[in-house]
Amino acid sequence: MAKSTKTKKEVVAEPSVPKKTRKKAEPVIEAAETAEIAVELKNVEEYSLFSEFDIYLFKSGKHYKLYEKLGSHVVEFKGIIGTYFAVWAPNARFVSVIGNFNGWNRGSHPLSARWDGSGIWEGFIPNIGRGEVYKYFIHSNNHGQDLEKADPFALWCEVAPKTASVVWDTWYEWQDEAWMRDRRKNNALNAPMSVYEVHLGSWMRDPADPERFLNYREIADAMVPYVKEMGFTHVEFMPIMEAPYPPSWGYQITGYFSCASRMGAPQDLMYLIEKLHEAGVGVLMDWVPSHFPGDAYGLYNFDGTHLYEHADPRKGYHPDWKSYIFNYGRNEVRSFLISNALFWLERYHADGLRVDAVASMLYLDYSRKHGEWIPNEFGGRENLEAISLLREMNEAVYKEFPDVQTIAEESTAFPGVSRPVYLGGLGFGMKWMMGWMNDTLKYFEKDPMYRRWHQDQITFSLVYAFSENFMLPLSHDEVVYGKGSLIGKMPGDDWQRFANLRLLFTYMYTHPGTKLVFMGGEFGQEREWNFQQSLDWHLLNHGSHQGMKACMKALNQTLRSQPALHDYNFSPEGFEWIDAQDRDNSIVIYMRKGINPSDTIVVVLNMTPTPQYQYRIGVPAAGSWEEVFNSDSTTYFGSGVSNTTPIEAEPTKWHGREQSMLITIPPLAGIVLKRKS
């Protein structure tokens with residue numbers, strides 16, 4: 001039986017109690033400021049999980065597993081079970097643990113500051129353990145501020161609007177060893193990858209009480225069979241870290257090491273991930289190192305100073321999101337962030353991280369006007385400290401977990417995002433192809449009558465498609481803030497809207513690169529996404545939506561079964577135009593090629609509602625060709641125009657090829673042709 005990476009024996013390891021003199025919390029503080037503090041040192045024992053080497057790594061920004069040391073850990077000391085607390089607060093004059101166990105008495109359980117200048121305060125409190133609610137009280141050296149802070153390394157938190165941390169653990173008897181053993185091939189760059197992006201709070205609510213969130217285990221019961229049926233290879237969770245403000249969709253995080261408590265405990269989330277793995281589905285997690293909110297109990301102004309955020313607002317405040325930017329040049333903060341990335345991969349068995357808002361990290365002038373930013377030491381606009389952090393993070397991730405992927409949401413032309421660090425890149429495995437998304441949606445929003453004048457919008461992406469390892473995203477960002485749903489963007493009557501959406505997905509799935517589809521798009525959700533409501537599952541009672549779902553299921557199956565669609569995900573060897581010039585008919589034709597030449601397929605897309613009969617196309621080889629996919633199938637609510645029998649190629653030169661054939665092209669549809677063996 002596979003166990004978590006931290007065994008029970010390790011949890012109760014012998015402490016390090018150095019003989020050097022340790023700085024006690026000062027028993028006397030200005031009475032006018034903290035008269036209510038009555039210090040009782042006897043309630044806290046000296047104890048440490050830190051070695052001198054740990055401290056060296058922490059100070060140098062190279063400690064990548066701080067979650068094993070900082071935070072709260074249930075341990076046994078002198079034969080007594082209790083909890084060890086450790087927090088980084090270098091500018092504090094006094095730190096104590098407060099909670100229900102001591103009536104939130106600020107003076108009864110003070111921690112001791114380490115002697116080594118690390119800024120870490122620590123101590124062992126006997127007879128409290130798992131489930132205990134707590135915060136840190138911090139009396140700052142900076143103007144005597146009194147602060148009550150949640151634990152930055154808490155493994156679980158109270159359910160909002162409560163804000164305290166909870167003593168917990170990540171012990172779990174994992175049952176996904178088969179997936180973990182073989183996931184290297186499932187996450188490989190040449191593997192089929194279709195990602196289902198999910199906001200857990202609104203994927204499905206309790207049908208009997210639409211206001212109630214399903215918990216992680218209930219979601220597992222509903223989601224796992226659905227995703228498996230649909231054939232998606234991976235699920236991507238929008239942030240599931242503790243984020244108390246629902247309209248942020250999880251991107252304003254206060255508990256970086258805690259799962260969202262409103263849906264359950266850490267072990268419940270692990271159960272959901274385990275069940276997805278058992279079903280053969282990988283799990284990607286959104287990770288947000290770009291900014292954090294200014295909640296009074298969170299990371300902001302943690303010890304009365306700009307500890308986690310950059311002190312200069314020109315580098316430390318994000319004007320778009322009214323949030324705070326990490327100080328990427330501070331070693332201890334770098335250790336915090338890289339440790340957090342590794343934490344979700346190690347403790348929760350995540351198969352990859354999608355890193356949010358990378359562009360905002362890379363540029364000092366991102367969303368800033370002239371005079372609102374500071375150039376780097378060379379006078380440029382690049383944030384050299386953030387670039388260095390991202391490279392170090394990716395190196396650490398791939399060193400510890402070579403069978404996962406990191407994916408950058410990066411919308412600029414920054415070079416080498418998905419190229420190795422040793423070649424000067426940022427080291428990500430993949431990058432979102434934002435240009436493809438923008439051009440494609442603009443094209444499909446146009447009435448088919450006018451598409452002939454915009455053919456370049458649908459073909460331009462192939463000019464740069466292999467400059468990075470691109471993932472094609474149709475994400476949550478495209479269906480909010482008045483943008484409407486994907487089906488809502490499609491022109492025409494009801495039949496044409498669904499035909500256009502099926503065509504869009506066919507183009508997406510046959511285009512080079514991996515795929516990402518936001519929940520609801522797969523069955524044609526009509527309403528714009530609302531994070532406060534469940535998806536409209538009742539739509540699947542209608543034939544058009546049933547057909548859309550069936551089409552997406554077939555596309556996922558085609559992606560998996562046709563090596564030509566993934567052997568060369570990111571290489572020009574896997575793509576070749578046959579004809580991109582038929583603007584009058586708005587038809588594009590291309591090949592996807594696999595490692596084995598016999599796997600080659602031909603893709604034909606008709607962007608108008610006019611079917612084409614006896615349309616000649618050049619093909620790469622003689623023989624008999626047949627349809628392996630047709631988005632106009634009646635099974636998908638299409639009109640059923642198809643090539644029902646195999647088509648023989650003939651030695652008539654066309655499109656610069658020796659062989660060609662006459663085919664039928666259905667309206668507003670894409671077909672995939674393959675030579676019979």
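Positions are given from 1, in the same order as the sequence printed here.
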> Say you draw a straight line from CD of Glu409 to OG of Ser475; how long is it, rounded to the nearest 0.5 Å?
7.0 Å
> Examine distances only and state if a side-chain atom of Asn394 and a backbone atom of Leu426 form a donor-acceptor pair shorter than 3.5 Å.
yes
> Using a distance-only test with no angle check, is there a side-chain donor-acceptor pair under 3.5 angstrom linking Tyr251 and Asp286?
yes
> Run the numbers on Asp494 and Arg497 for salt bridge (charged side-chain N to carboxylate O under 4.0 Å, His left out), then give the verdict.
CA-CA 5 Å; Asp494 199 50; Arg497 290 192 307 131; 2.7 Å; yes
> Should the ring pair Trp321 and His318 be called parallel, tilted or perpendicular, given that the plane angle runs from 0 to 90° and is split at 30 and 60?
parallel
> Return the CD to NZ distance between Glu658 and Lys653, rounded to the nearest 0.5 Å.
4.5 Å
> Compute whether any side-chain donor of one residue and acceptor of the other, for Lys442 and Gln457, lie under 3.5 angstrom apart.
no
> Is the shortest heavy-atom distance from the side chain of Ile487 to the side chain of His545 under 4.5 Å?
no
> What's the verdict on side-chain contact (heavy atoms from CB on, under 4.5 Å) for Leu474 and Leu504, showing C-alpha distance, side-chain angles and the deciding distance?
CA-CA 10 Å; Leu474 291 174; Leu504 165 59; 4.2 Å; yes
> Taking the side chain as every heavy atom from C-beta outward, state whether Thr514 and Val195 have any atom pair closer than 4.5 Å.
no
> Just checking, any donor-acceptor pair under 3.5 angstrom between side chains of Ser642 and Asn630?
no
> In terms of relative ring orientation, are His277 and His349 parallel, tilted or perpendicular, with 30° and 60° separating the classes?
parallel
> side-chain contact (heavy atoms from CB on, under 4.5 Å) for Val281 and Val224? Distances and angles first, verdict last.
CA-CA 8 Å; Val281 179; Val224 172; over 6 Å; no
> Out of the candidates Phe505, Trp537, Tyr196, only one should pair with Phe523 under the ring-ring contact (aromatic ring centres under 6.0 Å, His included) rule; please name it.
Trp537
> Does the side chain of Asn606 come under 3.5 Å of the side chain of Gln612 through a donor N or O and an acceptor N or O?
no
> Before we go on, tell me: are the rings of Trp436 and Phe470 under 6.0 Å apart, centre to centre?
no
> Would you say that more than 12 heavy atoms from the other residues, nucleotides or ligands in this model lie under 6.0 Å from the OH of Tyr464, or not?
yes
> Below 4.5 Å, heavy atoms only, C-beta onward: do Met437 and Glu478 meet side chain to side chain?
yes
> Does the side chain of Phe444 come within less than 4.5 Å of Met607's, by heavy atoms?
yes
> Are His291 and Ser360 linked by a side-chain donor-acceptor pair shorter than 3.5 Å?
no
> Is a side-chain N or O of Ser631 found less than 3.5 angstrom from the main chain of Ala669, in a donor-acceptor match?
no
> Would you sort out whether Glu278 and Lys275 count as a salt bridge (charged side-chain N to carboxylate O under 4.0 Å, His left out), showing the intermediate values?
CA-CA 5 Å; Glu278 289 177 349; Lys275 291 304 175 184; 3.2 Å; yes
> Answer yes or no: is there an ion pair linking Lys483 with Glu445, defined by an N-O contact shorter than 4.0 Å?
no
> Rounded to the nearest 0.5 Å, how far does CE of Met490 lie from OG of Ser485?
8.5 Å
> Cation-pi check, Arg354 to Phe237: give yes when NZ or CZ is under 6.0 Å from the six-membered ring centre and within 45° of the ring axis, no otherwise.
no
> Hey, does the side chain of Asn186 reach the backbone of Ala191 with a donor-acceptor pair shorter than 3.5 angstrom?
no
> May I ask you to check whether over 12 heavy atoms, not counting those of Phe460, lie within 6.0 Å of atom CZ?
no
> Are the aromatic ring centres of Phe428 and Trp287 under 6.0 angstrom apart?
no
> Do other residues, nucleotides or ligands put more than 12 heavy atoms under 6.0 Å from Lys228 NZ?
no
> Quick one: do Phe629 and Thr510 satisfy side-chain contact (heavy atoms from CB on, under 4.5 Å)? Show the steps, please.
CA-CA 11 Å; Phe629 175 82; Thr510 56; over 6 Å; no
> May I ask you to test the Phe637-Arg502 pair for a side-chain heavy-atom distance under 4.5 Å?
yes
> I'd like to know whether CH2 of Trp654 has more than 12 heavy-atom contacts from other residues, nucleotides or ligands below 6.0 angstrom.
no
> Could you state the interatomic distance from CD1 (Ile671) to CD (Glu627), rounded to the nearest 0.5 Å?
5.0 Å
> Quick one: are the ring centres of Tyr507 and His511 less than 6.0 Å apart?
yes
> Rounded to the nearest 0.5 Å, what separation is found between the CD1 atom of Ile663 and the CH2 atom of Trp625?
11.0 Å
> Spell out, as yes or no, whether a donor-acceptor pair under 3.5 Å connects the side chain of Arg527 to the backbone of Leu535.
no
> What I'd like to find out is whether the side chain of Tyr226 reaches to under 4.5 Å of the side chain of Lys549, using heavy atoms alone.
yes
> Taking the side chain from Asp536 and the backbone from Gln525, do they hold a donor-acceptor pair closer than 3.5 Å?
no
> Examine Arg205 relative to Phe213 and say whether NZ or CZ is less than 6.0 Å from the centre of the six-membered ring and inside a 45° cone about the ring axis.
yes
> Are Val417 and Val358 packed together at the side-chain level, in the sense that at least one heavy-atom pair is separated by less than 4.5 angstrom?
no
> For a side-chain contact (heavy atoms from CB on, under 4.5 Å) with Asp351, tell me which candidate from Gln405, Arg183, Met285 qualifies.
Arg183
> Are the side chain of Arg675 and the backbone N or O of Ala622 linked by a donor-acceptor pair below 3.5 Å?
yes
> Using the side-chain contact (heavy atoms from CB on, under 4.5 Å) rule, take Leu503 and Leu605 through it: C-alpha gap first, then chi angles, then the decisive distance, then the call.
CA-CA 8 Å; Leu503 175 57; Leu605 306 178; 4.0 Å; yes
> Measuring only between side-chain heavy atoms, which start at C-beta, is Ile458 closer than 4.5 Å to Asp439?
no
> Kindly give the heavy-atom pair with the smallest separation between Tyr509 and Leu555, and that separation in Å.
CD2-O, 3.7 Å
> Measuring from Ser323:OG to Gln252:CD, what's the distance to the nearest 0.5 Å?
4.5 Å
